[in-house]
A.B. asks: 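Please find one structure pasted underneath; my questions will follow.
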There are 2 protein chains.
Amino acid sequence: MDSIKLSDKQLALIEKLGLIFENGLQPASARIAALLLVSDKLELTFDEIRELLNLSKSATSNALNLLLSMERIEYITKPGDRKRYFKSNLSDWKENMKTKFLEFDKVHKTMREVLDQRPHSTKDFNQGLEEFINFMEFMNREIPVLFKKWELSKK
Amino acid sequence: MDSIKLSDKQLALIEKLGLIFENGLQPASARIAALLLVSDKLELTFDEIRELLNLSKSATSNALNLLLSMERIEYITKPGDRKRYFKSNLSDWKENMKTKFLEFDKVHKTMREVLDQRPHSTKDFNQGLEEFINFMEFMNREIPVLFKKWELSKK
DNA sequence: TGCTTGGTTCTTTATTTGCAGAACCAAAAA
DNA sequence: TTTTTGGTTCTGCAAATAAAGAACCAAGCA
């Protein structure tokens, strides 16, 4: 039953990637996300994941459902097989990355609010802050342009 | 002693900004960082910060030292005054933002490692992964270009 | 009709985090 | 020389996280 095995290299990569993914994911989810990128077999069942990563059923269940809800993974089923086969959702990751890039739209808007309520007396500081805000706005404008440029360069 | 007061608007902004900063900072540090952007007075002492945010001395001390070590704030002293006056370090923030942008350099390198060890048999997936990695590399190349463009546009 | 499979949900526990409060300390003031 | 000031460090402690394990459950199979 424990037929799939991970090489030491793969285990090391899962740990490394897992650590990266822990920025934004809890450990178990992070390691599952990593596993589904690293493993030779791309579609793994609940129990395979559980055993490969030494997780409890509950931890596995919760972590998988979290990843599903974030659309970072998805699953397929096979006819005459009750199990679900989980796999990484690469295409959605690109979307995620884009939105992540534009996420700091919120930041610059709040910063603008901060600036708007500042007294005139702190002119230098306000100017510095404004420059920073302008910089963020600039990035917000230009990054979508970069995305387009990328799409074009692919053809 | 409690001479400096924050308006309701300012308190609301500190909470809002603080929440944003909690991505990467513990709550007390996040709110201090926010306070030093929002407050009319830009240079605040230990005790002013402590009282304005209702923090304990230890929490204040630790949070300030954390922010200092990250160079997100700095302090000045005044002759004949033993107190330190803490202020936001705006200029360094820009540097931080740049490095943050380029932080995912690590990610694509690890992803490349992942791709390199994948079996040829999962060709489609590998191709998708490669495209994703190429995209990250593209962004890594282009973002510094954007920075330059920004610097030029300022003149 | 019950048994097995593929999970989910509930309860408990270990660990980590974030902070308070008190004790502490060094430099300057009195 | 003692006291005050401007903090820092130490000792908890309460709340939040992360996961284990067991109980549970619904769908399909025997």
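Here the structure is a predicted model, which is why all the values come from computation and not from measurement. Heavy-atom basis, side chains included; hydrogens, waters and symmetry copies ignored. Quick note on labels: first sequence line is chain A, next is B, and so on, each numbered from 1.
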A.B. asks: Got a sec? Which of residues 68-81 of chain A come in under 4.0 Å of DNA chain D, heavy atoms?
C.D. replies: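 Within this stretch, nothing sits under 4.0 Å of the strand.
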A.B. asks: Do B:Phe135 and A:Phe147 have ring centroids that are under 6.0 Å from one another?
C.D. replies: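 Centroid separation for A:Phe147 and B:Phe135: below 6.0 Å.
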A.B. asks: Report the distance from atom CZ of B:Phe46 to atom C1' of D:dT5, rounded to the nearest whole Å.
C.D. replies: 12 Å
A.B. asks: Which pairs with one or both residues in residues 66-75 of chain B pass salt bridge (Lys or Arg N to Asp or Glu O under 4.0 Å), sequence neighbours excluded?
C.D. replies: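 Counting only pairs at least two positions apart or across chains, the salt bridge (Lys or Arg N to Asp or Glu O under 4.0 Å) contacts touching residues 66-75 of chain B are B:Glu74-B:Lys87.
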A.B. asks: Between B:Glu131 and A:Lys154, is there a side-chain N and carboxylate O pair less than 4.0 Å apart?
C.D. replies: yes
A.B. asks: Grouping I, L, V, M, F, W and Y whenever their side-chain heavy atoms are under 4.5 Å apart, do B:Tyr85 and B:Ile32 come out in a common cluster?
C.D. replies: no
A.B. asks: Please list residues of residues 29-39 of chain A whose heavy atoms come under 4.0 Å from any atom in DNA chain C, ordered by number; otherwise none.
C.D. replies: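 Listed by number, there are none.
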A.B. asks: Enumerate the residues from residues 53-63 of chain B whose closest heavy atom to DNA chain C is under 4.0 Å, giving them by residue number; use none for an empty result.
C.D. replies: B:Asn54, B:Leu55, B:Ser56, B:Ser58, B:Ala59
A.B. asks: Rounded to the nearest angstrom, tell me the gap between atom CD in A:Gln26 and atom C1' in D:dA19.
C.D. replies: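 In whole Å, D:dA19 C1' and A:Gln26 CD are 9 Å from each other.
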A.B. asks: Of A:Ala28 and A:Arg82, whose closest DNA chain D nucleotide lies nearer the 5' terminus?
C.D. replies: A:Ala28
A.B. asks: Salt bridge between A:Glu137 and A:Arg112, side-chain N to carboxylate O under 4.0 Å?
C.D. replies: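 Judged by the 4.0 Å cut-off on N to carboxylate O distance, A:Glu137 and A:Arg112 do form a salt bridge.
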A.B. asks: Can you list the residues that meet the salt bridge (charged side-chain N to carboxylate O under 4.0 Å, His left out) rule with A:Arg82, with sequence neighbours excluded?
C.D. replies: none
A.B. asks: Can you measure A:Glu22 atom CD to D:dA18 atom C1' for me and round it to whole angstrom units?
C.D. replies: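 Taking CD of A:Glu22 and C1' of D:dA18, I get 11 Å after rounding.
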A.B. asks: Would you kindly confirm whether A:Leu36 and B:Val107 end up in one hydrophobic cluster when ILVMFWY residues are joined by side chain heavy atoms under 4.5 Å apart?
C.D. replies: yes
A.B. asks: Quick check: does any side chain N or O of A:Ser56 sit under 3.5 Å from a backbone N or O of A:Ala59, one acting as donor and the other as acceptor?
C.D. replies: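 Indeed, once roles are kept as given, a pair shorter than 3.5 Å links the two residues.
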A.B. asks: Between CG of B:Leu146 and CD of B:Glu151, what distance do you get to the nearest 0.5 Å?
C.D. replies: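 If I round to the nearest 0.5 Å, the distance is 11.5 Å.
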A.B. asks: Can you tell me how far apart CG (B:Leu90) and CG (A:Leu129) are? Round to the nearest 0.5 Å.
C.D. replies: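 So the CG of B:Leu90 and the CG of A:Leu129 are separated by 5.5 Å.
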A.B. asks: Go through DNA chain C in 5' to 3' direction and return only the first and the last nucleotide with some atom under 4.0 Å of chain B's heavy atoms.
C.D. replies: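 Endpoints of the contacted stretch of DNA chain C: C:dG18 to C:dA28.
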A.B. asks: Is the shortest distance from a Lys or Arg side-chain nitrogen in B:Asp105 or B:Lys109 to a carboxylate oxygen in the other one below 4.0 Å?
C.D. replies: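 Answer for the salt bridge query: yes.
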A.B. asks: To the nearest Å, how far apart are A:Leu25 CG and D:dA19 P?
C.D. replies: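 Those two atoms, CG and P, are 11 Å apart.
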A.B. asks: For the pair A:Glu113 and B:Lys16, find out whether any cationic side-chain nitrogen is under 4.0 Å from an anionic carboxylate oxygen.
C.D. replies: yes
